[in-house]
Amino acid sequence: MIPTLILNALAVSSLYIMMASGLALIFGLRRVMNFGHGAIYMVGAYLGYTIASGMNFWAALILVPLIMSVFGVLLELLVLRPLERRQQIEVALITFGIGIVIAQIVIRIYGGTPLSVSAPPLLASSVKIFGADYPVYRLFITVIGLCSVVALAVWLNATRTGMFVRAVSHAPDVSSMMGINADRLSLLISTLSTAFAGLAGVLVGPYLSIDPGMDVAMIITCMIVVVIGGTGSIWGAIFAALIFGFVQTFGTVYLHEISVLLPYLMLIGILVWRPQGLNFGGGAE
Amino acid sequence: MTSATLSLRPASRVRLPIFGGLALAVFLAGFLLPGYLEGGYLQSMLNNGFITGILALCVAFVMHQCGLVLFGIATYYGIAAYVCAILVNSFGFSAPSAAALALLAALVSAFLIGAIVIRVKPLAFMMICLSLAELMRHLVALPSLRGMTGGSDGLVFMPEGRILGIDAMDMLDSARVWPLIWSATWVVAGIFLVVALSHFGVRLRAIKENEERMRFSGFDTYWPRVLAFAGVGLAAGVAGVLQALASGFASPEMFSIITSTNALLAAITGGVSSVVGPVLGGVIYTWAISEFGAMGYSQLFTGISVILVILFIPRGVLHPLRLLLRKGGRA
Amino acid sequence: MSFLEISDLSSGYGKATILRNLSLSVDRGEAVGVLGRNGAGKSTLLLSIFGQTRVFGGEIHVAGTRIDRLPAYRAAHLGVSFSPQGRMILPNLTVQENLCMSLATGRKGDWNLDAVFDLFPILRERARQPGVALSGGQLQMLAIGRALMANPEVLVLDEPTEGLAPVLVDVLTEALLKVRASGTGILVVEQHHALIRAVTDRFVVMAKGQIRGGGDSADMAAEEYAPLFEL
Amino acid sequence: MIRVENLTVAYGAFKALTDISVDLGQRGQVHSIIGPNGAGKSTFMDAIVGKRRPSAGRIFYKDRDISRETIQWRRKNGMARSFQKTSIFPGLTIFEQLDLVATHLDEPDLDAIIDTMDLREVLHVEATRAAYGVQRRVDVALGLIGRPDILLLDEPGAGLSAEETVHLFRHLRNLAAERNIAAVVVEHDVEAVFALSDLVTVLDLGRHLATGTPAEIRANPQVVAAYLGTAA
């Protein structure tokens, strides 16, 4: 029981990590909270459904992040850059509006009924872990989640571009005086962030279900994760996403229906304790 | 809290009789409205519009006085509606006592939440308020509370007793409940206006402008904002009770993001520094959303409105008008 | 037009005007010292070049390109690089990463990690440590090294000797002379007359946001300049 | 009025101020604090008004240890400050903000302050629309409200032209005399400091170098070496 739960928690956390780290990266660079992130994830999921049923799941896994990165370019060029001088809350509200519009368009196209995607044959089986049958697909999500965290860490810490991203996140003015072009980095980060959201969308299809409320549910989750992690702190967000996944998974089993309230109670609890969030390991603020 | 006395600028004092007279005339004329509308669609639209207007006033107040975006006003609105409905249904309270306790519940919950969220940064404040509304939406829909809250179907209730001379049963009639909604809007707007003009209002705005200087001027900067937040919760509770009484219904949808977004939109469009603008905004958006809703586009309309309003009129449609009236200088 | 040409510049922060109609130019390979009391506007002058102030009037040209309306990062790309006051080393980046920030300019030249490490050997030993772990003198070396990594035509320094022990001032003077010898120009704001005299060709004196005068650095001690330093 | 004993303020491992002991604030006098950038002047100011907690040492105000008192307590008990970066309430009119603070601190004669700081003409202007020199005067006026016993001013001349600085300093000198308050000023403009101060304290690298009359300070060889240089 417990090992299965831990694995489930890791699988869910992986999705949250892919989402929340993207949000935190954009926030670090641009000080903008992208409230449309949930809608991007939703588009990823529905596109994934279309491609998976038209071609196959593996094509969706490759194509959707590529297509979604176009949204990132648009986000940077049409929203973040022109609105650079507006207040961060105003920009956040605009992304929120954009999120609603995107979600509504998706609902227009696909209708309001939940859809499901089946896992590809290769991953549809289950394996024995600690004596219990466990679906391979969930392990697959966890592996992808872990890989993306490792890739992100390597990219941020071992490449020159990653170092520039860290520099701008910590000290935008010093970085600009040293000649670092934050606009170009922001384009890259936006693209990465939406691609990750798309990837999470594709992955969620065979695991949970695809429905019209998934954008709101995800953005609320992401916001709780980001606030708990300390606004803008990437590692804080990743850690908070892990906690969130575990609390949610174990809560569902041991606390039954009360578990939907747990994340919120956790949020309130942490804010009473530390109004600035957990925020360790070098947040942007 | 030492003083809440009015301190108007000299120029405003001269104008007070004129504006006061005009306002009184409009207020009295409002009661005659049902005679012209003869109930029906327009009247219920107006009722809903004014209720949204009260919520918009709350959002505008917090934005203008505290510089914070209250993106979760639905929390207190919904709490009041549910408390009212539950007290009537499960505990047999009469309408007036249920309404009074519902307002108290809104006030207390806003006070407790305010005490936590007022300390965090503005962006986190916005996100937390939104999350709390979602918390409530999930809470009232819990299957185990179904007996009390009606679960995801919402809660129908039939109150008894009279509030301000109107029988609670009659309130389901849109024309009969109108005087209550109309005067409540005036009371809320009036109180917000008086607070804004009082020393307490100036103090709130001063904290918004420069919290550090306030501390260096010997002021406490935490409790005034918590109190303001609690007061706003109470006002949103008024809207919630009105909605509950007018429809005999409380539903999880009252807590939805869309409720909060519409109030926010109405406040920004109307202009957060005015008390007329947000109410007007509430009426206009309620009408527009109902029109677009008939075609199934209500959320799309909300989304597009958010983008356009923030992009082009972040300070409200009345703002350019005011600048014109003011002719550059302060009246 | 000189390589760095500041003409009739008025700038400041928010509503406050600090510089008033200031003009100054630095040629390729030339070294200019800026003197003046605290609060004279020397730092504001340098920050204006790097887009960190609000420009109310006048123009700034670098290598013939007008930069006061361009994004702040462009200045470094065009060949001026900055060692700011207080060093502004990023504490959570390593020494080597701090140095490599300047690679963003994409400018090629003789200054690379090895050259900077040769100039300041202590930085080589500390290359993998975080910026926060350095002493004041090492931070200053790092700031100068970071600016050199951009291979500038003109190196801009704001109070490089601030808070340094006298012996370190000598080390710094030596290093700056080597920089000059490599053909790089220098614009330095400084309170230590000795350093200005040793390193620069000419000096100007600022007071209350304006340049009040100047001359050859070699003659700084001359009688005729004494009134300037009383400003 | 203020006695600082062995004050040390550290940010992590870095000591911004080391073991400073000095008496400040004679009624009716202007006491200036000078020193190079990074000497710890602002930290010193912050420690006195309660924005920064001392790591060691104590601060006495009217012979009472106030090291642990809040900013609000200090203000209510007669310690006021102005800011290096103008710190006023941009969206309020000048009257609104003065009136607000005056009501809170029971200032009996706001009119006198308005006249002293020459703000009568601009009372109903929104502060952000006022000229920078006016904003600086509002900053000082906010500090004057409530009959403070001691007024600490952090670089009142920053961002002002030479004429405006002199203007402001004349105001200050008159104020100290008229209202019998102690003015403590952190300032860069050495000429203005020497011309208008009764006492001068020099800080350097977080240490107390000297305190004395302008004439004594000018003649102090240590100060000349560390700070004034050829300017002495």
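The chains referred to below are lettered A, B, ... by the order of the sequence lines, with proteins before strands, and numbering in each begins at 1. Here the structure is a predicted model, which is why all the values come from computation and not from measurement.
Interface remark: A:R160 contributes side-chain atoms only to the contact with chain C (heavy atom separation under 4.5 Å). Using a 4.5 Å cut-off between heavy atoms, C:E97 touches chain A through backbone and side chain atoms alike. Contact annotation for C:L78: neither backbone nor side-chain heavy atoms come within less than 4.5 Å of a heavy atom of chain A. In this structure, no portion of A:T161 lies under 4.5 Å from any heavy atom of chain C. When heavy atoms are compared at a cutoff of 4.5 Å, A:N157 approaches chain C solely by way of its backbone atoms N, CA, C and O.
For the pair A:V174 and C:R146, the minimum side-chain heavy-atom distance is below 4.5 Å. Between A:S175 and C:M101 the shortest side-chain heavy-atom distance falls below 4.5 Å. Looking at A:R166 and C:N92, their side chains never come closer than 4.5 Å, going by heavy atoms from C-beta outward.
Within residues 56-73 of chain C, the residues approaching chain A closer than 4.5 Å by heavy atoms are, in numerical order, C:A72, C:Y73. Within residues 262-271 of chain A, no residue has any heavy atom less than 4.5 Å from a heavy atom of chain C.
Among the candidates C:P91, C:S102, C:A147, C:A104, the residue making the largest number of heavy-atom pairs closer than 4.5 Å to chain A is C:A104. Contact tally against chain A (heavy-atom pairs below 4.5 Å) for C:L47, C:L90, C:T94: the top residue is C:L90.
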Cut-off 3.5 Å, no hydrogens considered: what does the side-chain donor-acceptor table look like for residues 61-79 of chain A, sequence neighbours left out?
{"unit_1": "A:S69", "atom_1": "OG", "unit_2": "A:L66", "atom_2": "O", "d": "2.5"}
{"unit_1": "A:E76", "atom_1": "OE1", "unit_2": "A:S186", "atom_2": "OG", "d": "2.4"}
{"unit_1": "A:E76", "atom_1": "OE2", "unit_2": "A:R30", "atom_2": "NH2", "d": "2.7"}
{"unit_1": "A:E76", "atom_1": "OE2", "unit_2": "A:R81", "atom_2": "NE", "d": "2.8"}
{"unit_1": "A:E76", "atom_1": "OE2", "unit_2": "A:R81", "atom_2": "NH2", "d": "3.1"}

request  = Would you check, one step at a time, whether the test side chain to side chain contact (heavy atoms under 4.5 Å, CB included) holds for C:M88 with A:M177?
outcome  = CA-CA 10 Å; C:M88 296 194 189; A:M177 287 194 280; 3.7 Å; yes
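Applying the salt bridge (charged side-chain N to carboxylate O under 4.0 Å, His left out) definition to pairs two or more places apart or across chains, those involving residues 101-112 of chain C are C:R107-C:E153.
Of the possible donor and acceptor atoms, one in the side chain of C:H77 sits under 3.5 Å from a partner among the backbone N and O of A:G179.
With rounding to the nearest 0.5 Å, the separation of CE in A:M163 from CG in C:L93 is 6.0 Å.
Residue C:R180 qualifies as enclosed at atom CZ: its count of foreign heavy atoms under 6.0 Å is above 12. Within a 6.0 Å sphere centred on CD of A:E90, other residues, nucleotides and ligands contribute more than 12 heavy atoms.
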